[in-house]
Amino acid sequence: MNIPRRVNIVEVGPRDGLQNEKTVLTPAQRADLAMRLAGCGLRRIEAGSFVAEKMVPQMAGSAEVFARLKNNSARFSALVPNMRGLEDALRAGVGEVAVFAAASETFSQKNINCSIAESIQRFTQVARAAHDNGAAVRGYISCIAGCPYEGGVKTATVADLAARLVDIGCGEVSLGDTIGVGTVPVVQEAVYAAAKMVDASQLAVHFHDTRGQALVNIRAALEAGVATVDSAVAGLGGCPFAPGAAGNAATEDVVYMLHGMDVATGVDLHPLVDTAWHVSRLLKRAPASRTAHAMAAPTHAGTVQT
């Protein structure tokens with residue numbers, strides 16, 4: 001086994017995590033969450049998205065969120081679905097944007113109202129304009145292990161899509177098990193196939209914990225050569241376009257596992273757990289992560305009302 005000695009964590013709680021929560025946080029609260037996460041040592045944080053507010057009202061006011069971010073040690077990014085979203089992000093001073101494709105035609109239609117091929121055409125324009133304005137571009141691939149509408153997906157589709165996203169200018173591609181159906185063999189097959197098309201250093205993984213497989217799938221991806229992992233504080237999230245999808249792999253669970261494997265992350269676990277409880281109180285529910293509960297200080301006990 002060739003486990004990386006250091007893993008980069010991309011914290012997606014302020015965007016992918018909060019976008020599916022019933023309680024809507026204010027832009028000030030979302031910015032405060034991002035700053036708290038940066039204070040824990042997280043250096044890549046997805047802080048918002050520039051999408052239609054009627055589609056994802058939890059992300060309304062992302063421009064205000066970015067105006068409040070004052071931490072030069074962290075890189076804050078935003079999700080954009082099209083040129084309009086990119087233009088709004090650039091006006092807000094965002095230095096890295098993410099685009100999102102899917103390995104399922106049906107999910108692509110449900111999520112962004114276009115086919116996979118049309119999404120690549122759309123994101124080609126977005127990536128070119130982002131680079132012209134000095135912004136980095138990241139790509140997401142949804143449903144690498146299964147689709148809520150079609151069932152299984154083809155590994156070849158995942159690999160081809162990863163290559164196409166890199167070709168249009170994505171410096172990194174995150175492979176996402178959007179509905180949390182993946183198992184170790186499925187995940188490794190997808191990662192190895194993608195790594196044949198693009199360098200493994202350009203790949204990340206993004207797992208939802210619907211069936212409790214997120215941590216073992218992350219371990220499997222690390223063994224396949226991936227060294228970048230997406231996660232969300234307190235296990236926040238789901239997907240508004242994937243019925244039944246549970247939250248993301250919890251950042252504190254991921255950090256605890258990696259530190260136990262003697263893998264460096266640069267993240268301080270104790271303030272991260274405090275942050276998990278902080279945002280959970282705002283959302284009026286308990287954290288989804290085991291580590292947050294196991295390490296909870298006495299002051300956290302009984303503080304979350306649902």
Side-chain angles (χ1 to χ4, degrees), residues 7-49 58-59 61-62 64-65 68-71 73-74 76 180 206-210 212-215 218 229-240 245-261 263-306:
V7 165
N8 301 307
I9 294 179
V10 179
E11 171 59 53
V12 299
R15 195 281 300 175
D16 189 45
L18 293 180
Q19 74 173 11
N20 205 45
E21 295 291 334
K22 293 180 180 179
T23 300
V24 178
L25 301 189
T26 67
Q29 289 172 320
R30 288 155 49 200
D32 177 69
L33 173 61
M35 293 295 292
R36 286 172 183 261
L37 291 164
C40 297
L42 288 152
R43 292 296 171 257
R44 297 181 62 187
I45 301 169
E46 197 174 61
S49 66
Q58 295 91 335
M59 290 292 102
S62 283
E64 181 182 342
V65 172
R68 291 173 175 269
L69 299 178
K70 307 297 181 183
N71 187 306
S73 64
F76 299 103
H206 183 124
F207 296 129
H208 289 242
D209 204 29
T210 311
Q213 300 300 294
L215 289 180
I218 288 171
V229 174
D230 298 356
S231 61
V233 64
L236 299 178
C239 177
N248 292 277
T251 306
E252 55 272 25
D253 286 344
V254 174
V255 169
Y256 181 83
M257 178 186 75
L258 292 174
H259 289 182
M261 296 162 57
V263 174
T265 65
V267 180
D268 191 336
L269 185 57
H270 290 280
L272 180 62
V273 167
D274 286 340
T275 302
W277 281 98
H278 166 76
V279 70
S280 297
R281 285 194 295 271
L282 294 177
L283 297 171
K284 299 180 175 61
R285 68 172 181 83
S289 69
R290 300 293 184 87
T291 302
H293 288 274
M295 293 180 60
T299 53
H300 293 308
T303 60
V304 177
Q305 297 180 353
T306 57

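We're numbering straight along the sequence, starting at 1.
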Please check this pair: side chain of [X] against backbone of [Y], looking for a donor-acceptor N/O pair closer than 3.5 Å.
| X | Y | value |
| --- | --- | --- |
| Glu11 | Val233 | yes |
| Ser231 | Ala250 | no |
| Asn248 | Gly237 | no |
| Gln58 | Lys22 | no |

Salt bridge (charged side-chain N to carboxylate O under 4.0 Å, His left out) pairs, two or more places apart, involving residues 35-47: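 Non-adjacent pairs meeting salt bridge (charged side-chain N to carboxylate O under 4.0 Å, His left out): Arg15-Glu46, Asp32-Arg36, Arg44-Glu96, Arg44-Glu172.
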Say you draw a straight line from [atom1] of [X] to [atom2] of [Y]; how long is it, rounded to the nearest 0.5 Å?
| X | Y | atom1 | atom2 | answer |
| --- | --- | --- | --- | --- |
| Leu272 | Met295 | CG | CE | 8.5 Å |
| Gln213 | Ile218 | CD | CD1 | 11.5 Å |
| Met35 | Thr275 | CE | OG1 | 12.0 Å |

Partner set under side-chain hydrogen bond (donor to acceptor under 3.5 Å, both in side chains) for [X], not counting sequence neighbours:
| X | value |
| --- | --- |
| Ser62 | Arg30 |
| Arg68 | Glu64 |
| Asp253 | Thr291 |
| His259 | Thr265 |

Closest contact, heavy atoms only, [X] versus [Y]:
| X | Y | result |
| --- | --- | --- |
| Ile45 | Ala74 | CD1-CB, 4.3 Å |
| Asp209 | Ala214 | OD1-N, 2.9 Å |
| Ala276 | Ser280 | O-OG, 2.7 Å |
| Ala249 | Val254 | CB-CG2, 4.0 Å |
| Leu69 | Ala47 | CD1-CB, 3.8 Å |

Residue list, side-chain contact (heavy atoms from CB on, under 4.5 Å) with Glu21, at least two apart or on another chain: Leu18, Leu236, Leu283, Arg285
Under the side-chain contact (heavy atoms from CB on, under 4.5 Å) test, residues paired with Val263 that sit two or more places apart: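 If we apply the side-chain contact (heavy atoms from CB on, under 4.5 Å) test to Val263, skipping adjacent residues, the hits are Ile3, Arg5, Val7, Leu258, Met261.
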From Val255, Leu37, Val10, residue fulfilling side chain to side chain contact (heavy atoms under 4.5 Å, CB included) relative to Leu42: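 One option only clears the test, and that one is Leu37.
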With sequence neighbours excluded, residues passing ring-ring contact (aromatic ring centres under 6.0 Å, His included) with His293: Trp277
